[in-house]
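Report on one structure; see the data block that follows.
It should be emphasised that the depicted structure is a prediction, and the values quoted were computed from it without experimental measurement.
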Amino acid sequence: VQLQASGGGLVQAGGSLRLSCAASGRTFRSYDMGWFRQAPGKEREFVAAISWSGIVTYYADPVKGRFTISRDNAKNTVYLQMNSLKPEDTAIYYCAADYTDRSRVGVKWVENEYDYWGQGTQVTVSS
């Protein structure tokens with residue numbers, strides 16, 4: 001699967017952005033999806049994840065209550081709605097996918113559990 005992230009940009013603190021990640025192929029519903037981010041000088045970190053069915057979601061503590069991950073399997077797209085943005089949210093945001101046989105419903109928050117990565121989209125939050 002190939003992933004294309006978009007929707008990043010420059011926004012003031014307190015503002016909102018919605019990131020999208022479009023996936024190629026006809027088996028999108030067989031992938032657990034996640035968002036990660038990497039700030040300048042820092043390691044890439046987990047942000048949010050969603051199961052192949054969309055039923056289960058999981059968030060990193062710093063974004064809980066502000067970010068919402070969702071997916072539209074008919075459009076082969078996963079979204080990250082980001083509200084109440086803070087300067088510390090500034091980073092390159094990456095979407096990631098991991099194949100599942102759909103025998104169980106769960107999420108993954110460890111970077112090396114994901115096999116496929118998008119190219120990243122820059123989010124800059126000004127104070």
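No donor-acceptor pair under 3.5 Å is formed between the side chain of T124 and the backbone N or O of L10. Side-chain N or O atoms of R71 include one that pairs as donor or acceptor with a backbone N or O of S51 at under 3.5 Å. For W117 (side chain) and Q2 (main-chain N/O), no donor-acceptor pair under 3.5 Å exists by modelled atom type. The backbone N or O of A22 sits nowhere less than 3.5 Å from a side-chain atom of N76 that would complete a donor-acceptor pair. For R66 (side chain) and P62 (main-chain N/O), a donor-acceptor pair under 3.5 Å exists by modelled atom type. No donor-acceptor pair closer than 3.5 Å links the side chain of D89 to the backbone N or O of V63.
Considering V125, L85, T121 in turn, L85 is the only one that fulfils the side-chain contact (heavy atoms from CB on, under 4.5 Å) rule with L17.
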message: Walk me through whether K64 and D61 qualify under salt bridge (charged side-chain N to carboxylate O under 4.0 Å, His left out).
response: CA-CA 5 Å; K64 203 171 293 184; D61 285 343; 2.9 Å; yes

- prompt: Step by step, would you call T90 with V123 a side-chain contact (heavy atoms from CB on, under 4.5 Å)?
  reply: CA-CA 5 Å; T90 294; V123 172; 5.9 Å; no

task: Any chance you could lay out the side-chain contact (heavy atoms from CB on, under 4.5 Å) test for S16 and M82, step after step, and finish with the verdict?
output: CA-CA 5 Å; S16 298; M82 306 186 295; over 6 Å; no

message: Pair Q81, S70 - check side-chain contact (heavy atoms from CB on, under 4.5 Å), show working.
response: CA-CA 8 Å; Q81 178 66 43; S70 62; over 6 Å; no

- request: I would like to know whether N83 and F67 meet side-chain contact (heavy atoms from CB on, under 4.5 Å); could you show each step before the answer?
  value: CA-CA 6 Å; N83 298 329; F67 291 11; over 6 Å; no

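Nearest heavy atoms, L3 versus A23: CD2-CB, 3.7 Å. Between L19 and G8, the shortest heavy-atom contact is CD2-N, 3.6 Å. Taking both residues in full, the closest heavy atoms of A13 and P87 are given as CB-CD, 4.1 Å, listed atom of the first, atom of the second, then distance.
Note on Y99: it clusters hydrophobically with W35, by side-chain heavy-atom contacts below 4.5 Å among ILVMFWY residues. The hydrophobic cluster containing Y59 also contains V78, counting ILVMFWY residues as joined when their side-chain heavy atoms lie under 4.5 angstrom apart, directly or transitively. Note: the hydrophobic cluster containing L80 does not contain Y58 (ILVMFWY, side chain heavy atoms under 4.5 Å, direct or indirect links). Placement of W109 and Y94 within a single hydrophobic cluster is found when ILVMFWY residues are connected by side-chain heavy-atom separations under 4.5 Å, directly or transitively. A single hydrophobic cluster is seen to contain both F36 and V107, as judged by linkage of ILVMFWY side chains at heavy-atom distances under 4.5 Å, directly or through other members.
Among residues at least two apart or in separate chains, disulfide (SG to SG under 2.5 Å) pairs with a member in residues 12-122 are C21-C95.
If you take CE on M33 and OG1 on T57, they are separated by 14.5 Å, rounding to the nearest 0.5 Å. To the nearest 0.5 Å, atom CD of residue E111 and atom CZ of residue R44 are 4.0 Å apart. Once rounded to the nearest 0.5 Å, the distance linking CD of E113 with OG1 of T100 reads 11.5 Å. Atom CG of D98 is separated from atom CG of D32 by 6.5 Å, given to the nearest 0.5 angstrom.
Cation-pi geometry between R18 and Y79 is satisfied (NZ or CZ under 6.0 Å from the ring centre, within 45° of the ring normal). Taking the centre and axis of the six-membered ring of W52, the NZ or CZ atom of R29 falls outside the cone set by 45° and 6.0 Å.
Taking the side chain as every heavy atom from C-beta outward, E45 and R37 approach each other to under 4.5 Å.
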